[in-house]
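Each ligand, and each atom within it, is numbered from 1 in the order the structure gives.
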Amino acid sequence: MCTMTTSIANPYLPAAPGVDRSVPDPEELMSRDEIEALQFERLRWSLHYAYENVPAYRELYDQHGVHPSDFKRLEDLRLFPYTDKEFLRKAYPFKGFAVDFSEIRRIHASSGTTGQPTVVAYTENDLATWATLVARCLRISGVRSGERVHNAYGYGLFTGGLGAHYGAERLGCAVIPMSGGQTEKQVQLITDFEPAAILCTPTYLLTIADGFRARGLDPRKTSLRHAVLGAEPWTEEMRREIEQTFDITASDIYGLSEVMGPGVAGESAETKDGLHIWEDHFRPEIIDPMTDEVLEMGRPGELVFTALTKEALPIIRYRTHDLTRLLPGTARPGHRRMGKITGRSDDMIILRGVNLFPSQIEELALQIPSLSPHFQLVLTRPDRMDQMSVRIERREDVAREVAEEGAKRLQHEIKTKIGSSAAILIEEPGALQRSSGKIRRIFDERPKE
Ligand code: DLL
């Protein structure tokens with residue numbers, strides 16, 4: 001391994017731009033008042049820019065009888081109608097773009113498990129902002145310039161791989177662009193390259209832990225010190241599980257393709273108290289998904305985002321379907337935090353009148369020592385009554401009878417804490433399919449009406 005520590009400048013090339021990424025960006029340290037003043041200016045620009053450059057926004061605002069010039073104070077954002085996935089779908093593939101193709105440098109598309117994918121695009125400035133914000137997230141999560149970063153988010157149309165990649169480079173890290181999947185190879189490269197940090201989904205990190213054990217290796221003995229995990233909901237119990245499994249610090253990172261990709265919000269490894277939203281680039285709101293009313297700080301509801309600086313794909317009051325709440329900033333006091341995402345409104349299971357999310361089951365299951373974090377929820381409708389079965393693996397070092405006791409406890413907890421009756425099926429270790437990216441928890445086998 002190279003032990004040289006001094007860098008020798010190449011006289012034939014211009015010096016690389018010298019931005020010191022080891023310190024917070026000035027915008028990270030802005031006060032609430034400064035942020036809101038900046039938001040106001042940027043919002044005014046964004047509204048005019050969207051109206052003038054994207055016909056769909058112009059039509060929407062004309063139909064609602066609002067005009068960007070109606071925006072006179074921050075609260076006036078409420079005058080403008082919400083947008084959603086359907087709004088972007090209608091613009092498929094490129095009608096949502098506000099710039100000419102000569103200005104676009106990258107296109108991504110959302111997973112789109114059903115129907116048409118959503119296409120998103122970035123100008124050079126957009127890509128620069130994105131890398132800066134991911135770098136911020138990684139830094140507050142404890143990653144440092146000069147460290148090796150193993151990136152196991154999927155590369156390709158998904159924003160996770162390339163988004164995390166350029167953010168880590170921007171921070172000044174050496175990135176190992178592993179992508180998702182090929183778990184044996186992940187284990188090998190983590191062992192041989194000794195990265196300090198890993199970036200992937202929380203459930204994929206559990207799959208990688210299995211990979212270590214399958215090779216007779218102890219995941220607690222790797223070089224890894226931090227994991228920056230996101231792209232799917234995960235609970236505090238899952239954090240504890242992952243931190244203990246690998247003897248690392250695990251922080252959350254949030255984002256969605258439509259708004260940018262990973263890096264819209266990131267969690268401080270020091271406070272581990274939810275994700276700071278980078279409010280110099282995004283203005284969040286929480287709304288009641290049923291009434292569309294904007295809710296005050298602290299109340300749970302659906303997250304809505306307005307992008308303040310985006311050039312290629314303006315996003316104004318976009319309904320994410322993600323459920324959480326807004327909280328005051330802590331590690332970065334000027335930027336509000338969001339609590340962990342409890343679920344997506346479209347992932348909500350309605351079981352005989354009771355609403356529940358997979359994260360609630362995760363939370364309860366992981367409090368029972370004999371049960372593993374590997375589970376699936378299977379919905380069926382025998383005799384015209386909806387039923388939910390939780391298929392969950394026992395822990396490897398636990399006898400089946402002990403796990404069956406745990407199953408009874410889980411059933412009782414689900415009944416008393418959530419109010420649903422569920423059948424618990426104990427599976428053998430390794431029986432359930434592992435994720436290599438975003439995990440699928442719900443298997444809905446009910447007949448379609
Ligand atoms: O998942 C972007 C991303 C990549 C975020 C890597 C973090 C890390 P999409 O594929 O468009 O983009 O999916 C976005 O994933 O609306 C949430 O429902 C969910 N999601 C993303 N991050 C988190 C998180 C990427 N930290 C959708 N916690 C979002 C919970 C998350 N859910």
Side-chain angles (χ1 to χ4, degrees), residues 84-85 88-89 107-114 117-122 130-131 133-138 141 143 149 151-168 179-180 197-205 227-236 238-239 242 250-268 272 274-278 282 284 289 302-305 307 313 315 318-325 337-348 357-360 362-363 435-442:
D84 58 10
K85 218 176 181 67
L88 292 182
R89 280 215 180 107
I107 289 176
H108 281 282
S110 76
S111 31
T113 38
T114 51
T118 313
V119 182
V120 298
Y122 306 79
W130 190 11
L133 297 186
V134 172
R136 254 189 219 178
C137 291
L138 298 179
S141 297
V143 184
V149 169
N151 185 14
Y153 284 117
Y155 281 67
L157 288 175
F158 174 51
T159 52
L162 288 169
H165 181 106
Y166 286 104
S179 194
I198 184 161
L199 319 179
C200 61
T201 63
T203 55
Y204 190 48
L205 195 48
V228 187
L229 310 173
E232 62 184 7
W234 56 304
T235 57
E236 285 304 324
M238 183 69 107
R239 187 200 315 261
I242 286 171
S251 316
D252 206 346
I253 182 166
Y254 169 86
L256 63 166
S257 326
E258 296 89 328
V259 174
M260 180 175 82
V264 172
E267 187 175 45
S268 156
K272 287 190 195 167
L275 304 107
H276 280 89
I277 298 166
W278 302 125
F282 311 103
E302 180 181 342
L303 191 54
V304 169
F305 275 110
L313 185 83
I315 283 289
Y318 184 77
R319 293 183 65 150
T320 63
H321 291 296
D322 291 327
L323 303 172
T324 183
R325 61 205 175 109
R337 281 171 304 145
M338 53 189 251
K340 271 196 168 302
I341 303 278
T342 50
R344 289 180 56 80
S345 52
D346 35 16
D347 259 0
M348 186 172 76
F357 292 101
S359 59
Q360 289 171 283
E362 180 179 296
E363 187 180 340
S435 96
S436 61
K438 291 177 192 272
I439 197 160
R440 179 170 166 210
R441 291 283 193 207
I442 302 172

Which of the numbered atoms in ligand 1 are under 4.0 angstrom from any heavy atom belonging to [X]?
X	result
D322	16 (O), 17 (C), 18 (O), 29 (C)
G160	4 (C), 6 (C)
G230	7 (C), 8 (C), 26 (N)
I253	7 (C), 8 (C), 22 (N), 24 (C), 26 (N)
E232	20 (N), 23 (C), 24 (C), 28 (N), 30 (C), 31 (C), 32 (N)

K340 side chain near M238 side chain, heavy-atom distance below 4.5 Å: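 Not touching, per the 4.5 Å side-chain cut-off.
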
Heavy-atom side-chain proximity of L88 to I315 below 4.5 angstrom: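 Sidechains of I315 and L88: in contact.
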
Would you confirm whether [X], through its side chain, and [Y], through its main-chain N or O, come within 3.5 Å as a donor-acceptor pair?
X	Y	result
E302	D322	no
T324	G339	yes
W130	P262	yes

[X] versus ligand 1: do any nitrogen or oxygen atoms come within less than 3.5 Å of each other?
X	value
Y153	no
P262	no
T320	no
R344	yes

Partners meeting ring pair (Phe, Tyr, Trp, His ring centres under 6.0 Å) with H165 (sequence neighbours left out):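 Once residues adjacent in sequence are excluded, the partners of H165 under the ring pair (Phe, Tyr, Trp, His ring centres under 6.0 Å) criterion are Y155.
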
Counterpart residues, ring pair (Phe, Tyr, Trp, His ring centres under 6.0 Å), relative to F305 (two or more places apart):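 F305: no ring pair (Phe, Tyr, Trp, His ring centres under 6.0 Å) contacts found.
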
For ligand 1, the portion of L256 having any non-hydrogen atom under 4.0 Å away: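 Answer for L256: both.
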
For ligand 1, the portion of T159 having any non-hydrogen atom under 4.0 Å away: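 Near ligand 1, T159 shows its side chain, while the N, CA, C and O stay back.
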
K438 near ligand 1 by a heavy-atom separation under 4.0 Å: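 A heavy atom of K438 does come that close to ligand 1.
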
Presence of salt bridge, E362 and R441, under 4.0 angstrom: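 Looking at E362 together with R441, the answer is yes, because their closest N to O distance falls below 4.0 Å.
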
